[in-house]
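Take a look at the structure below.
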Amino acid sequence: MKTIDFTTVLAISIHDMKNSLSRVLNALDQIVDPETGDCHCEAPMVAQLQYEASRINDNLIQLLALYRQDQGLYQPNFACVSVHDLLEDGWLSNKPLIDHHEIECTIDCAPELEWSLDRQLISALLDNVITNTVRYTKSLIHLAARLDGELLVISIEDDGPGYPEAMLGHWSLDDGAPLNQRLGRTGVGLHFCAMVATCHANAAQHGQIVLHNKGPSGGGHFAVFLPPLAAG
Amino acid sequence: MLRLKLDTKTILIVDDYANMRSILREMLRTLGCQRLIEASTGEEALAILRNRRIDIVVCDYNLGAGLDGQQLLEQARGEGVVGLATVFILVTAENSSEMILGALESLPDEYLAKPFTKDLLNARLQRALARREPLTQVAHALTKQGAPAALIALDKLLAQPSQRRLDLLRIQADLALQCGQLDRAAAACEAALSQRPLAWALVYSGRIAEAKQDFVTADAQYRQAIELTPHFMEAHDRLAALCESREREEEALTLWQQAAQRSPKSVHRQRRLAKLAQKLDRPDLAEPAWQRVQTLAKQMHCLTAADYAGEVETLVALGNLPLAKKRCAELVTHCRRDPLAPWWFVVARLHYVHATANEEERTQVLKLLETQLAQEKPPSELGQALAAALTQLGEHSRASLVV
């Protein structure tokens with residue numbers, strides 16, 4: 001796998017987290033009445049704080065994983081897991097935000113579907129995409145998993161405005177998904193997702209991610225394709 | 001999602017931070033849990049588990065100075081106080097902690113990475129309970145009547161269609177092996193392996209082959225398990241032990257070393273490595289392993305006089321006499337409750353005086369040995385160690401007396 005310039009990733013992520021923190025501090029400022037010292041917090045403010053906190057957490061998990069991959073420290077841990085449980089976890093980890101924005105979240109996956117994958121990495125990928133989707137969707141998030149030939153496809157779909165042109169298409173590290181610095185933090189996110197997909201590899205092929213705008217009414221459609229792997 | 005009732009479940013929360021305990025307590029209360037018990041250390045948790053029935057343990061990985069969450073799980077499973085029907089959820093600080101996940105020693109039902117929402121905690125509890133609750137009868141039979149009765153209870157579960165068939169077959173193989181029903185254990189492994197390759201089924205097959213004295217097959221099965229799942233630690237341990245018992249000691253030493261490198265936090269593995277390295281005259285490898293034994297066994301409260309004596313022998317071989325002397329003294333003060341301590345003290349001192357060649361000390365320790373021999377015969381597990389230490393000193397007639 002190609003290595004990236006980790007310092008660039010670090011700089012982009014720090015920039016993004018500083019932005020998040022400044023929004024958190026601003027929000028906290030508004031919560032406290034400077035005159036009386038009383039706190040009054042409306043639901044939208046709580047949601048904003050939750051969103052920023054999730055974003056910082058996603059950023060840190062990504063950074064840690066990319067750092068380890070860059071240093072050759074990460075040993076993927078492939079184990080057979082229930083794909084339905086994985087999707088449900090993705091929904092539940094983001095449930096407070098999803099509920100606040102009154103977004104409908106659906107899961108379409110056979111309960112008996114199992115796949116060998118690195119649960120930590122795929123969960124981080126899902127969290128990342130879902131946090132992002134919650135922000136851009138209008139009213140729904142659709143999580144789905146199915147078999148496509150011998151590959152597993154996990155997809156996250158929404159009815160928002162869709163992904164920007166620059167993000168569309170196939171991404172994996174071997175096809176040279178270089179870090180697109182102009183995309184900023186989104187570029188790091190994409191690179192991270194491509195890294196997670198690519199490290200799911202057997203002798204013949206490796207995973208990849210594909211971004212389309214074929215969601216309902218032109219919304220975003222994010223898919224990760226994973227090849228079958230041996231697991232204990 | 002399944003909705004199992006949590007209000008009748010007794011839940012143990014283990015975390016060294018009062019703050020985190022109170023967050024978990026509030027989350028669990030919101031989910032309808034009513035019977036909550038808290039512990040701030042692994043030792044405290046273990047004491048609670050030994051004394052009362054706990055349905056669910058929610059435990060942080062980091063617990064300060066003593067046992068960590070993983071060690072607590074291993075100890076509690078080993079003692080049977082976290083049984084087949086007990087749910088154990090391990091809370092970890094980060095999402096990708098290969099420190100924890102890198103080697104599979106004993107797996108919790110679920111890993112939960114901080115931060116998490118109460119909805120996610122609920123989902124994990126529900127799933128784990130759905131898997132564990134059907135095993136209540138089996139667990140009950142196992143504690144009250146033993147493995148054969150548990151197998152009968154398990155047969156009823158296996159007769160019904162279940163999504164968790166592989167889990168059930170694994171338990172069946174384990175119980176059948178426990179009571180020596182080799183054919184039944186083999187059938188369970190075959191049934192599981194017919195679905196897909198599984199490291200645990202290969203290891204059980206290896207153990208069955210070993211029990212039938214078919215060491216070539218056992219060796220092959222363990223190696224296949226390692227190839228399939230390199231972090232499945234039991235396969236490494238079994239293979240190393242097999243090589244050692246078949247007198248392929250150099251090979252066994254390499255295997256213990258590799259296994260200890262892959263997963264260093266196991267006392268028994270470090271002990272085996274230290275002893276074999278010492279036996280094969282590699283004190284350079286033995287000493288770091290003894291140091292690990294010291295640290296880990298102290299955490300687990302299972303440091304024995306034999307460990308001290310073993311380390312003294314290694315230290316003497318390395319010429320580190322001051323530390324060897326210190327360990328001899330520690331053996332006496334730290335192992336008061338170990339009934340074998342007086343004997344291991346003699347072994348340790350024999351090694352020590354061999355190096356110092358101090359006549360007075362030599363006479364003293366031999367006198368001490370005489371006094372003890374006058375009271376009782378040396379316990380069988382000590383005979384060889386004692387004889388070896390005496391032979392080294394040139395005390396051949398005494399050596400032949402103690403074996």
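Protein chains get the first letters and strands the later ones, always in sequence-line order, with residue 1 at the start of each. Bear in mind that the values here come from a model prediction, so they are computed numbers and not experimental data.
Counting non-hydrogen atoms of other residues, nucleotides and ligands closer than 6.0 Å to CD of B/Glu227 gives a total of 12 or fewer. More than 12 heavy-atom neighbours from other residues, nucleotides or ligands sit within 6.0 angstrom of CG on A/Asp148. The environment of NE2 in A/His15 is sparse: at most 12 heavy-atom neighbours from other residues, nucleotides or ligands sit within 6.0 Å. Within a 6.0 Å sphere centred on CD of A/Glu102, other residues, nucleotides and ligands contribute 12 heavy atoms or fewer.
You'll find the side chain of A/Cys80 reaches within 4.5 Å of the side chain of B/Arg196, heavy atoms only. Looking at B/Arg127 and A/Asp89, their side chains come closer than 4.5 Å, going by heavy atoms from C-beta outward. A 4.5 Å side-chain heavy-atom check between A/Lys95 and B/Thr117 finds every atom pair outside the cut-off.
Of the inter-residue distances, the one linking A/Arg119 atom CZ with B/Tyr111 atom OH reads 11.5 Å to the nearest 0.5 angstrom. Residue A/Glu88 holds its CD atom at 10.5 Å from CG of B/Asp119, rounded to the nearest 0.5 Å. In this structure, OG in A/Ser123 is found 8.5 Å from CG in B/Leu120, a value given to the nearest 0.5 Å.
We find that B/Arg124 and A/Asp85 are not joined by a salt bridge, their nearest charged nitrogen and carboxylate oxygen being 4.0 Å or further apart.
With sequence neighbours left out, A/Tyr136 forms a ring pair (Phe, Tyr, Trp, His ring centres under 6.0 Å) with no residue at all. Residues forming a side-chain hydrogen bond (donor to acceptor under 3.5 Å, both in side chains) with A/Arg135 (at least two apart in sequence, or on another chain): A/Tyr51.
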